[in-house]
Amino acid sequence: MRVLITGGNGYIGSHTCIELLAAGHAVTIVDNLSNSSPAVVERIARIAGRQPEFHQLDVRDAAGLERLFARQAFDALIHFAGVKAVAESVADPLKYYSNNVCGSALLFDAALRHGVTRLVFSSSATVYGEAARSPIGEDAPLAPANPYGRSKRMVEELLADLCRANPGLRAVALRYFNPVGAHPSGRVGEAPGGIPDNLMPYLCQVAVGRLPELTVFGNDYPTPDGTAIRDYIHVVDLAQGHLKAFDYLEREGGMHFINLGTGRGTSVLELLAAFERVNGVRIPHRMGARRPGDTTETYADAARAAQQLGWSTRLSLEDMCRDAWCWQKLNPAGYA
Ligand code: NAD
Ligand code: WQD
């Protein structure tokens with residue numbers, strides 16, 4: 001298959017390109033480089049042993065998309081491109097509705113007009129909102145609590161409407177839990193600009209000496225060690241889930257919503273301890289206040305992915321910590 005990957009230079013997109021190329025597919029990347037480096041393309045090619053095609057393009061550039069689709073036919077589309085910082089979405093909602101919602105609508109319009117029938121969309125467990133009880137199944141109530149989460153839910157609804165209106169169209173919205181880790185080669189990984197918002201990249205930057213210490217956001221949660229629980233998933237497992245979603249769309253029509261998580265919860269202190277143990281490093285840290293908007297416990301019910309995609313995670317928390325640290329050590333300043 002020739003697969004169009006938007007946001008293919010980003011963290012999850014780059015790992016998925018590697019898996020697609022390794023499985024023999026041809027890959028075309030579209031990315032505006034707003035949150036990634038052009039250097040990623042060569043890294044992907046070196047690891048996979050095959051070259052992806054790259055176009056620097058914004059998914060809101062309708063004329064640019066038209067030129068791309070007119071030149072080449074695609075069998076499938078994986079849509080990663082978008083913005084993803086919760087706090088920024090509260091301060092600047094239009095950036096989120098423009099990139100994530102308008103961008104998706106323009107992209108799907110071009111894809112449909114040019115005969116693409118299989119779509120995979122990067123959604124997020126954030127669509128479930130703060131009150132959802134773990135393990136969270138796909139039929140749990142949806143109540144995204146910020147503009148980022150609402151933008152993801154809107155695109156899910158847009159896709160479902162498109163599938164209803166176009167019987168030939170097949171789509172999966174994959175709801176990721178907490179992707180962490182990196183390719184085991186250490187040559188691609190997560191490279192956030194500025195100070196990271198998320199736990200694993202923050203922890204890595206403390207370990208490598210770029211940040212002085214980690215603040216644990218809250219140790220008074222009603223959990224065994226008092227810190228909040230999340231479902232961390234290795235980005236390589238996550239990437240492989242996308243290939244399984246393609247296979248599924250060969251068999252099944254219509255619109256599907258599927259969680260990608262391990263189904264297991266890990267606390268902040270458990271992650272910290274695993275990172276120190278596996279990598280033989282000390283992470284200076286202190287206890288701080290809860291971060292507004294954080295949930296106590298969020299982890300997936302991963303049964304639907306197992307039953308429908310035949311996919312479940314294979315890599316452990318130790319693998320996540322080892323591979324994240326390998327990437328950080330080899331690339332202390334990311335792709336710079
Ligand atoms: P990322 O920022 O590393 O990758 C996104 C890529 O899209 C970047 O390379 C960026 O330059 C590009 N991009 C952004 N806006 C664009 C636009 N308008 N046109 C073209 N390219 C554009 O993020 P990621 O962590 O790889 O996330 C990928 C997707 O997965 C996003 O849609 C995100 O919302 C979703 N997601 C991520 C997480 C997570 O924790 N990382 C969790 C759930 C869902
Ligand atoms: C994990 C845990 C923090 C940083 C976010 C988005 C979500 C999704 C994934 C895209 C929490 C704690 C963190 C730190 C800490 N993204 N923490 N000190 O909040 O579960 O999810 O990323 O869809 O939408 O909200 O992930 O990595 O930020 O936090 O103690 O410096 O680590 O409080 O308990 P989160 P995270």
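We count ligands from 1, going down the list as the structure has it; atoms in each ligand are counted the same way.
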Hey, is ligand 1 close enough to [X] that some N/O pair sits below 3.5 Å?
X	result
Y176	no
S124	no
V83	no
P179	no
V30	no

Atoms of ligand 1 less than 4.0 Å from [X] heavy atoms?
X	answer
N9	9 (O)
S34	10 (C), 11 (O), 13 (N), 14 (C), 15 (N)
S122	29 (C), 30 (O), 32 (O), 35 (C)
L33	11 (O)
S123	43 (C), 44 (C)
G7	6 (C), 7 (O)
S36	8 (C), 9 (O), 11 (O)

Quick one: nearest non-hydrogen protein atom to [atom], plus distance?
atom	answer
atom 5 (C) of ligand 1	G82 O, 3.9 Å
atom 13 (N) of ligand 1	N32 OD1, 3.3 Å
atom 10 (C) of ligand 1	D31 OD1, 3.4 Å
atom 25 (O) of ligand 1	K84 NZ, 2.7 Å
atom 3 (O) of ligand 1	Y11 N, 2.8 Å
atom 4 (O) of ligand 1	G10 CA, 3.4 Å
atom 33 (C) of ligand 1	Y148 OH, 3.7 Å
atom 29 (C) of ligand 1	F80 O, 3.2 Å

- Message: Tell me whether ligand 1 is touched by L57 - counting only heavy atoms on the residue side and a distance under 4.0 Å.
- Response: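 The answer is yes, since L57 has a heavy atom less than 4.0 Å from ligand 1.
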- Are any of the heavy atoms in P192 under 4.0 Å away from ligand 1?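 No heavy atom of P192 comes that close to ligand 1.
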Shared ILVMFWY cluster between [X] and [Y], side chains joined below 4.5 angstrom?
X	Y	result
L317	V278	no
L269	M320	yes
L119	I12	no
V3	L77	no

Sub-4.5 Å side-chain heavy-atom contact between [X] and [Y]:
X	Y	result
E53	Q72	yes
L309	L260	yes
I5	L20	yes

Proximity of [X] to ligand 1 by residue part, where a heavy atom lies under 4.0 Å:
X	answer
N100	neither
K152	side chain
A125	neither
N99	side chain

Ion pair check, [X] and [Y], cut-off under 4.0 Å:
X	Y	answer
E250	R170	no
R290	D220	yes
D109	R113	yes

- Item | Check: F74 ring centroid to F69 ring centroid under 6.0 Å | yes
- Task: Compute the centroid of each ring, for F246 and then for H242, and state whether the two points are separated by less than 6.0 Å.
- Result: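 Ring-ring flag for F246/H242: false, centres at least 6.0 Å apart.
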- Query: Taking atom types as modelled, is there a side-chain donor on S36 or N9 under 3.5 Å from an acceptor on the other?
  - Reply: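 No - no donor-acceptor pair under 3.5 Å links their side chains.
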- Task: Compute whether any side-chain donor of one residue and acceptor of the other, for H55 and T28, lie under 3.5 angstrom apart.
- Result: no
- Which of the listed options, V59, N35, I5, L174, holds the heavy atom that is closest to atom 2 (O) of ligand 1? N35
- Item | Sorted by chain and number, the residues that approach ligand 2 to under 4.0 Å with a heavy atom | V86, S124, T126, Y148, N178, D197, N198, L199, Y202, L214, T215, V216, F217, A228, R230, Y232, V268, R291, D294
- Item | side chain to side chain contact (heavy atoms under 4.5 Å, CB included) between L174 and K244, worked out | CA-CA 11 Å; L174 296 174; K244 293 289 188 183; over 6 Å; no
- Message: Given 3.5 Å as the limit, does a donor-acceptor pair link the side chain of S312 with the main chain of A306, or not?
- Response: no
Using atom types as modelled, flag every donor-acceptor pair under 3.5 Å from a side chain in residues 135-150 to any protein atom, sequence neighbours excluded.
residue	atom	partner	partner atom	Å
E138	OE2	N259	N	2.8
D139	OD1	R304	NH2	3.4
D139	OD2	R304	NH2	3.4
N146	OD1	Y148	N	3.3
N146	OD1	G149	N	2.8
R150	NH1	P144	O	3.3

Which pairs of donor and acceptor atoms, one on a side chain in residues 194-201, lie under 3.5 Å apart (sequence neighbours left out)?
none

- Query: Taking only residues two or more places apart in sequence, or in another chain, which ones meet Y248 in a ring-ring contact (aromatic ring centres under 6.0 Å, His included)?
  - Reply: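 Y248 satisfies ring-ring contact (aromatic ring centres under 6.0 Å, His included) with H256 only.
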